[in-house]
Amino acid sequence: MMIWPLVKKEILDLLRDPRIILGMIILPLVMFGVLGEVMSYGTQQAIYVAQPTNMRIAVIDEDHTNASEDLISYLKSITRETVILRNIPNDPGSFAEDNGYTGVVVIPPGFDYNLSKGLPGRVIVYTYMEEVSIAEASRVTSLVGLVSGYGGIVKSKFASHVNVSTDFLNSPVWVTGIVSMGGKHYSSAQVNALTGLLFSIVFAPLIVVGYASQIAATTMGVEKEEHTLEVLLSLPLNRQSIVVAKLSGSIVISILATLGLSGGLYLYIDSVGGLSGAGGMPLDLMRNVLTPYSLATITIALIIGVILATSLSMLLGIFGKDVRSSQSMAGIIWTLVFVVGYGLAMIQFSTLSNSMKYVIAATPLAAPVLALKLSMTGINEYVWISILFHIVETVLVLYALSKVISSEILITGLGLWDRVKRVRKIRSRRVR
Amino acid sequence: MNKETAVKVNGLHKIYPSGVHAVEGLSFNIDKGEIYALIGPNGAGKTTTLRIIATLIKPSNGKVNIFGVDVLDNPNEVRKMISYLPEEAGAYRNLKGIEYLKFMAGFYSRGSRSPEDIAGEAAEISGLGERLLDKIKTYSKGMKRRLQIARTLAPHPMLAILDEPTSGLDVMASMEIRDTIKKYREKYGITILLSSHNMLEVEYLSDRVGIIFKGKLLAEGAPSDILERTGAHNLEEAFRFLIREVGA
């Protein structure tokens, strides 16, 4: 079979298409990289404004007691500047914004009285938001948190008064969450961080599968639209070679897209992960959780998923008359990709019945998501069952593809609509 | 001495899935080294017949043999002997002209002829010179057609199937292509089956002509024989006469 010249042509033709280079390789790399940098910058801004040493506060003391003065001393000790005002401005929030204060803190009368009676002391914090952003939201939360921090001092005074430890008052029962996954132990905070990360990257393989299916579906549409199909089909080569070459071309481009996407995701996770406070950097955690075995399984599942998606898309795309109709055929695969992705992200696989697990494992395109999802707890037999199902499905689809490509459907179409019209015509004649 | 038969079409029928009966009992033979032209109005069944011979579609009934090989039984063998130029033939727009010719040549290289030899000859036929180093998407319609003619003839196929070979070309380019087709038949003994609307072209090129209408063969023979039989001055008149004769 003269496959190599065909594969070379496919790759060359695809790689010289600026839409593919831009959409599949450059865009994910730039998109995730920039997204990570922007998130990193936004979070750094939030951290900066949330730092008490960067805060300038105005305080109005209407209680004039030892307790209120104690609160003011606390604020003075931790902020950059705490200014005492005599009267409450008409609009304290706008006043703070206009005069460069982070906020205005009002200590109403009765603050000390409440504390002495064992009741919560009330403090009002006025602030503003210039726009909706992480930094602004963070400033509001931090200011309220800062003033609430005084509660710790009150707590420790009370603790010494009743002769108990502050830790006891904070949390009478201490719970240490230790989670065992794949034979290793993690804190619950680490697991939460990792779960969040996995949920965000579970769609990465699906995007790759989606891209691959898009290319494969349109590959025949392009041949039809640009009138190259008839020449191709008349060449002295086995029709199966055309299928193999087209699939190879789509898969090579998908691998490049995977590299682009992985590079972008790496930049994203690295930028955002550097700010993570959840018990360690997500990338380090990922490295710790993903063993070489699970990584190899994910890779195999992803490759077989891409091959199945490209074959299936090519089979559907063959029935399109041009690029547009082939793309709409590929839409079916996109739908499948997202239904499988969302579905598997939501369900708890381990609690399903065995028959249901088999159904899910057999669902086309489930293998890469299943492999990624189960990689945290250790790859189990269902991932390999799913990979086996995918291999069988791929063989079936390739067989159907070779049958279709050897037929004249590529040139004549199915003529389904014409057949319907013919049946209608015959029926209407009979009625007359 | 009996000439070898290159193409043998016998009782050919083609009914499309849409129900259109495109070819109805067509029969004709083409001798080796002959230039045979199928002429007829739009929808007469010319392209369908060429597509069946080129193994793109299958006959509903009847037999087609190319140098003794049945198109249905052994399409892969048939494809090794033919080179097909469709009426609307495109080329991969992101490839350079020379890359396209090399790509196509790769499928036909056998014996002493390397893909480079075939591509070099194709480059010469195309007459595109330095423009072969440009991407095909920058070519005009005429340039694309010349590229296609070149890749069809350069491999020296046993049978070249040309559907409207000069479609989209200007007068000068059309004349050049006609001369090239004739030269290749004479030099390499290539059998040529073509279809055309251009009666002047058909008269100039063909040894024999088959006039088809509504999927049936109305007349067949050398252009001079057809003119004599119909009492016409040229093939256009003969064509009109034959169409009227069948009551269309």
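Proteins come first, then strands; the chains are lettered A, B, ... in the order of their sequence lines, and each starts at number 1.
In this structure, the portion of A:Glu223 lying under 4.5 Å from any heavy atom of chain B is its side chain and not its backbone. For chain B, the nearby parts of A:Leu6 are the backbone and the side chain; heavy atoms of each come within less than 4.5 Å. Contact annotation for A:Ile411: only side-chain heavy atoms (C-beta onward) come within less than 4.5 Å of a heavy atom of chain B. Both the backbone and the side chain of B:Ala89 come within contact range of chain A, each with at least one heavy atom under 4.5 Å from a heavy atom of that chain.
Scanning residues 136-155 of chain B against chain A with a 4.5 Å heavy-atom cutoff picks out B:Gln148, B:Arg151, ordered by number. Heavy-atom proximity under 4.5 angstrom to chain A picks out B:Lys96, B:Glu99, B:Tyr100, B:Phe103 from residues 96-103 of chain B.
Counting non-hydrogen atoms of other residues, nucleotides and ligands closer than 6.0 Å to NZ of B:Lys135 gives a total above 12. Around OH of A:Tyr399, the count of heavy atoms belonging to other residues, nucleotides or ligands within 6.0 Å does not exceed 12.
Residue pairs satisfying the ring pair (Phe, Tyr, Trp, His ring centres under 6.0 Å) criterion with at least one member in residues 32-63 of chain B, sequence neighbours excluded, are listed as follows: B:Phe28-B:Tyr36.
To the nearest 0.5 angstrom, B:Leu85 atom CG is 10.0 Å from A:Glu230 atom CD.
Among A:Arg239, A:Glu225, A:Lys8, the residue making the largest number of heavy-atom pairs under 4.5 Å with chain B is A:Arg239.
Side-chain atoms of B:Lys46 come within 3.5 Å of backbone N or O of B:Pro41 as a donor-acceptor pair.
Not a single side-chain hydrogen bond (donor to acceptor under 3.5 Å, both in side chains) links A:Glu393 to another residue, sequence neighbours left out.
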